[in-house]
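Inspection log for the structure reproduced underneath, given as structure tokens.
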Amino acid sequence: GFQLPETTAVVILICGCCPGGALSNILALALKGDMNLSIVMTSCSTLLALGMMPLLLYLYCQGFSNLQKAVPYVDIIVSLVVILVPCSTGILINYFRPHYSKIISKVGLGVLMISIVVISIISNVEIGGSLFNVLSPPLMTIAALMPLVGYAFGYIISSIFRLNQPERRTVAMETGCQNIQLCATILKVAFPPAVIGPMYMFPLVYGSFQLTEAAVLIVLFRCYQRFSRKWKSDTNSRYVPTDIKGGKAEDI
């Protein structure tokens, strides 16, 4: 639709073919989603990426033979281990020491969200000025649309299959989030700097939009929850049940 050059189109395609990353688990937790489903989806997509990424790149990237050898299998396996080991540790803690799990979840979520904000600020300060100089408006538009379309379609399709609300929010996050570190690794292996040029920064731009749009959705969801809870509380407080004689319930 944007009539991009071949190399640019392939870079965007690689980003879209990457499995979900650990960020989706954090965002699902912030949206009060189904964490079991989130972990299973992230783990399955990472594991299946061992075969599916080469297949997808083969189908979509005919004519780009160097991409077939560029899929970093070791990095995918390491990514899977990084996901499964902490999750297994959390399961054991929750089973043997359940009173610690809530504290660890609150502290861990707070530290992770602060870390994400700090890293985003540092990244924008370091290379933020150059991003707008090297990336064109169509690329910025694509980077903004990709995660948004993923979030929307994930929620819509899960709604069609009648999943509950926490599961819908989880599927939305898992669909919209991509492993941008994996994408950056593939780009470094597949393309020499002279060929890829400034497109090596596209995963960072995508990640920034991915995080920003998710943060907006999280804020909207939390505001909706708060106002909905307040509205229900006000409605219940105004309703005073009466008996058949017209007296107040507390007088009976």
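The structure presented is a predicted model; accordingly, all values stated were derived computationally and were not measured.
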Set out, in order, the CA-CA distance, both residues' side-chain angles and the distance that settles side chain to side chain contact (heavy atoms under 4.5 Å, CB included) for Met146 and Phe209, then state yes or no.
CA-CA 9 Å; Met146 283 177 66; Phe209 279 108; over 6 Å; no

Interatomic distance, OG1@Thr170 vs CG@Leu27, rounded to 0.5 Å, equals 10.5 Å

When you look at Leu217 and Tyr151, which way does the side chain to side chain contact (heavy atoms under 4.5 Å, CB included) test go after all the steps?
CA-CA 10 Å; Leu217 293 174; Tyr151 295 144; 3.8 Å; yes

To check you understand the geometry: which heavy-atom pair defines the closest contact between Ser45 and Gly20, and what is its length?
OG-N, 3.5 Å

Find out if a path of hydrophobic residues (ILVMFWY) with successive side-chain heavy-atom gaps under 4.5 Å connects Leu13 to Val149.
no

What distance separates Leu182 CG from Thr46 OG1, expressed to the nearest 0.5 Å?
8.5 Å

All heavy atoms of Leu31 vs all of Arg169, minimum pair found to be O-NE, 2.8 Å

Looking at CG of Leu47 and CE of Met52, how far apart are the two atoms once the value is rounded to the nearest 0.5 Å?
12.0 Å

Just how far is it from atom CZ of Phe153 to atom OG of Ser159, taken to the nearest 0.5 Å?
12.5 Å

Identify the two heavy atoms, one from Leu148 and one from Glu213, that lie closest to each other, and give their separation to 0.1 Å.
N-OE1, 3.1 Å

Name of the residue among Val205, Leu139, Leu187 meeting side chain to side chain contact (heavy atoms under 4.5 Å, CB included) with Met199
Leu139

Kindly compute the distance separating CD1 (Ile103) from CD1 (Ile93), expressed to the nearest 0.5 Å.
11.5 Å

Do the side chains of Leu23 and Ile218 join up, straight or via other hydrophobic residues, at under 4.5 Å, putting them in one cluster?
yes

Reported CZ-to-CZ distance for the pair Arg162 and Arg168, which is rounded to 0.5 angstrom:
8.5 Å

Would you mind reporting whether Pro19 and Leu48 have side-chain heavy atoms less than 4.5 Å apart?
no

Using a 6.0 Å cut-off, check whether atom CZ of Phe2 has over 12 heavy atoms from anything other than its own residue.
yes

Sub-4.5 Å side-chain heavy-atom contact between Thr141 and Leu145
yes

Heavy-atom count around Arg97 CZ within 6.0 Å, excluding the residue itself: above 12?
no

Minimum-distance pair of heavy atoms, taken over all atoms of Tyr206 and Gly176
OH-O, 3.1 Å

Are any non-hydrogen side-chain atoms of Met53 and Cys18 less than 4.5 angstrom apart?
yes

Going by atom types alone, do Asn25 and Thr42 pair a side-chain donor with an acceptor below 3.5 Å?
yes

Is any side-chain heavy atom of Val171 closer than 4.5 Å to one of Leu37?
yes

Tell me, with the steps shown, if Ile12 and Phe202 meet side chain to side chain contact (heavy atoms under 4.5 Å, CB included).
CA-CA 8 Å; Ile12 295 172; Phe202 180 80; 3.8 Å; yes

Give the C-alpha distance, both sets of side-chain angles, the deciding distance and a yes or no for side chain to side chain contact (heavy atoms under 4.5 Å, CB included) between Tyr155 and Gln165.
CA-CA 9 Å; Tyr155 191 88; Gln165 288 296 333; 2.8 Å; yes

Do side-chain atoms of Ser158 reach the backbone of Leu163 as a donor and acceptor pair under 3.5 angstrom?
no

Qualifying residue for side chain to side chain donor-acceptor pair (under 3.5 Å) with Ser24, from Glu174, Gln210, Gln178:
Glu174

ILVMFWY network linking Met41 to Met35, side-chain heavy atoms under 4.5 angstrom
no

Using every non-hydrogen atom in the two residues, find where Ile180 and Pro203 come nearest and quote the distance to one decimal.
CG2-O, 3.6 Å

Got a donor-acceptor contact below 3.5 angstrom from the Ser208 side chain to the Leu204 backbone?
yes

Could you report the tightest heavy-atom contact between Gln181 and Asn179, atom names first, then the distance?
OE1-OD1, 2.9 Å

